[in-house]
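Quick notes on the structure that follows.
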Number of protein chains: 2
Amino acid sequence: MNNLLKYIRSLTDFSDQSWELLQGALTKKEFKKNDYLLNEGQVCNSLFYIERGYCKSYYVIDGAIKNTGFFFENDIATNISSFGNGQKSTYAIVACEPLTAIVFDKDNLFQASKQSSEIEALGRNCIRLFAIKQEEFSTLFNLYSAQERLEYLESNHPEILQRVSLTQLASFLGVARETLSRIRKRRVLT
Amino acid sequence: MNNLLKYIRSLTDFSDQSWELLQGALTKKEFKKNDYLLNEGQVCNSLFYIERGYCKSYYVIDGAIKNTGFFFENDIATNISSFGNGQKSTYAIVACEPLTAIVFDKDNLFQASKQSSEIEALGRNCIRLFAIKQEEFSTLFNLYSAQERLEYLESNHPEILQRVSLTQLASFLGVARETLSRIRKRRVLT
DNA sequence: GGCTACCTGTGATAAACGTCACATAATTAC
DNA sequence: GTAATTATGTGACGTTTATCACAGGTAGCC
């Protein structure tokens, strides 16, 4: 839990009292590789703070898996629109390694928010960070070619390249596995 | 201002008293076509509620303009990461038509938030909607081809197609102007 | 060890897309 | 109204990428 407290305090002022109060909304949970944090069609009632391991979000389109995000230690994973609106999720989130998460329960978190403006502010900041991250990757696809997207990740998110296989990464970058293999080869030679 | 109040009440409970209090953070502002709501390099201290007209966000990459978003009546336009972190904006927002906006000033809004939990909740909901919109378009690029992206807009955001020129739209969809022209032709014939 | 599942590299070929060039609307400026 | 600017359509051509096919590599499991 200590990592989480550090993480929270990097975002916003947070008293010991708020931390105490927040405990009622938190559960530690272990996932095996390929366990679902969130399944397609399910309503998302949690924020998952990733303590150890990593997971990915993906869609299944015409039988093919399309990765849309990776979440590592000190990230929050969730489906923000399902969490906020109570709609069924159109995608799944699955553990790619054995994973330890601290789960924020929505109802309990809302209760706690009403009792502490610091917890309220924490929620706001989590959403804000999530929005910024979405904007970053949305822009990435809008502006750059596959090769430039790869270079961007190398510069700005090397942890993804280190931990995710080429096949998984290709799906995330929106190119065929073979194409990514060739881009990488081209870049080594020149 | 009446439209704004309706919009706010569609998002969250909002008393007349909160509305009164919020006034101190609001200014109505008129923009001519091609006026900047936000320029590149500037810090974004505002949320712009679009009352009439529309605007777009865009990057300039190697001298070429790349559109990343369009904002119409009843949308909130802002640079969420600049607004939140106080960093300089890496892109611009410009009026595409004569435009009327109600501008939320950041500092005054924060002051008002402290005095009313409803205003606080409003801020949170605006950020949340922004995050959902970003996620939607991020996914769109990740999952679909140019033609499918066009079809998605036709089904889900017809207002964009009705009001934005082909050249502007092509830049937003991430394809060459000529390609979009051909896609459209192909679709009419089949 | 041997089986299985998954991952990576590479060639051949076809489809999609970008770029350049130019013609023709449509819109805006004066 | 006329000129200038901007937007659109279309052909030709080259580049990038997807797809299919197959070979070899790696890791976990019994």
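So that the names make sense, note that chain A is the first sequence line, chain B the second, and so on, each numbered from 1.
DNA chain D is contacted by both A:Leu180 and B:Thr167; B:Thr167 maps to the nucleotide lying nearer its 5′ end (nearest heavy atom per residue). Mapping A:Ser181 and B:Gly174 onto DNA chain C via the closest heavy atom, the residue that lands nearer the 5' end is A:Ser181.
Protein atom CG of A:Leu166 is 16 Å distant from nucleotide atom P of D:dA27, rounded to whole Å. The distance from atom CD of A:Gln168 to atom P of C:dT8 is 9 Å, rounded to the nearest whole Å. Summarising the geometry, the separation between CD1 on B:Ile65 and C1' on D:dA7 is reported as 14 Å, rounded to the nearest angstrom. To the nearest angstrom, P of D:dA7 lies 17 Å from CG of B:Leu161. For A:Tyr144 and C:dC17, the OH to P distance is 21 Å, given to the nearest whole Å. With rounding to whole Å, B:Leu150 atom CG is found 15 Å from C:dA16 atom C1'. The CD-C1' distance, from B:Gln147 to D:dA18, rounds to 16 Å in whole Å. For the pair B:Ile183 CD1 and D:dG9 P, the computed distance is 13 Å after rounding to whole Å.
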Show me the donor-acceptor pairs within less than 3.5 Å that the side chains of residues 64-74 of chain B make with the rest of the protein, sequence neighbours left out.
| from | atom 1 | to | atom 2 | distance (Å) |
| --- | --- | --- | --- | --- |
| B:Asn67 | OD1 | B:Lys56 | NZ | 3.1 |
| B:Asn67 | ND2 | B:Gln168 | O | 2.9 |
| B:Asn67 | ND2 | B:Gln168 | OE1 | 3.0 |
| B:Thr68 | OG1 | B:Ser57 | O | 3.3 |
| B:Thr68 | OG1 | B:Ser57 | OG | 2.9 |
| B:Glu73 | OE1 | B:Arg163 | NH1 | 2.6 |
| B:Glu73 | OE2 | B:Arg52 | NH1 | 2.8 |
| B:Glu73 | OE2 | B:Gly53 | N | 2.9 |
| B:Glu73 | OE2 | B:Arg163 | NH2 | 3.3 |
| B:Asn74 | OD1 | B:Tyr49 | OH | 2.5 |

Could you list the donor-acceptor pairs under 3.5 angstrom formed by side chains in residues 31-40 of chain B, with sequence neighbours left out?
| from | atom 1 | to | atom 2 | distance (Å) |
| --- | --- | --- | --- | --- |
| B:Asp35 | OD2 | B:Lys32 | N | 2.7 |
| B:Tyr36 | OH | B:Tyr58 | OH | 3.4 |

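Enclosure of atom CD in B:Glu30 by more than 12 non-hydrogen atoms of other residues, nucleotides or ligands within 6.0 angstrom is indicated. Residue-environment remark: CD (A:Glu97) exceeds the threshold of 12 foreign heavy atoms within 6.0 Å. When the shell of 6.0 Å around NZ of B:Lys106 is examined, it contains more than 12 heavy atoms from other residues, nucleotides or ligands.
No donor-acceptor contact under 3.5 angstrom links the side chains of B:Asp13 and B:Ser15, judged on distance only. Checking A:Tyr7 against A:Glu51 by side-chain atom types alone, no donor-acceptor pair falls below 3.5 Å. A donor atom on one side chain and an acceptor atom on the other are not found under 3.5 Å apart for B:Ser82 and B:Gln87.
Here B:Lys185 reaches the OP1 or OP2 of D:dT10: one of its side-chain N or O atoms lies under 4.0 Å away.
When the local axes at the two ends of the helix from C:dG1-D:dC30 to C:dC30-D:dG1 are compared, using 5 base pairs at each end, they differ in direction by 60° after rounding to 10°.
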Scan nucleotides 28-30 of chain D against the protein and return all N/O pairs shorter than 3.5 Å with their distances rounded to 0.1 Å.
none

Give me the distances for all protein-to-nucleotides 19-26 of chain D N/O pairs that come in under 3.5 Å?
| from | atom 1 | to | atom 2 | distance (Å) |
| --- | --- | --- | --- | --- |
| D:dT19 | O4 | A:Arg182 | NH1 | 3.4 |
| D:dC20 | N4 | A:Glu178 | OE2 | 3.1 |

Step-by-step side chain to side chain contact (heavy atoms under 4.5 Å, CB included) determination, A:Asn85 to B:Arg128:
CA-CA 10 Å; A:Asn85 298 336; B:Arg128 191 171 58 79; 2.9 Å; yes
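Nearest to the side-chain atoms of B:Lys33 among the listed nucleotides C:dG18, D:dT10, C:dT28 stands C:dT28.
For residues 112-139 of chain B, every residue pair satisfying the ring pair (Phe, Tyr, Trp, His ring centres under 6.0 Å) rule, not counting sequence neighbours, is listed here: B:Phe137-B:His157, B:Phe137-B:Phe172.
For the atom pair B:Ser165 OG and B:Arg177 CZ, the distance stands at 10.5 Å (nearest 0.5 Å). Atom CG of A:Leu173 is separated from atom OG1 of A:Thr179 by 11.0 Å, given to the nearest 0.5 angstrom.
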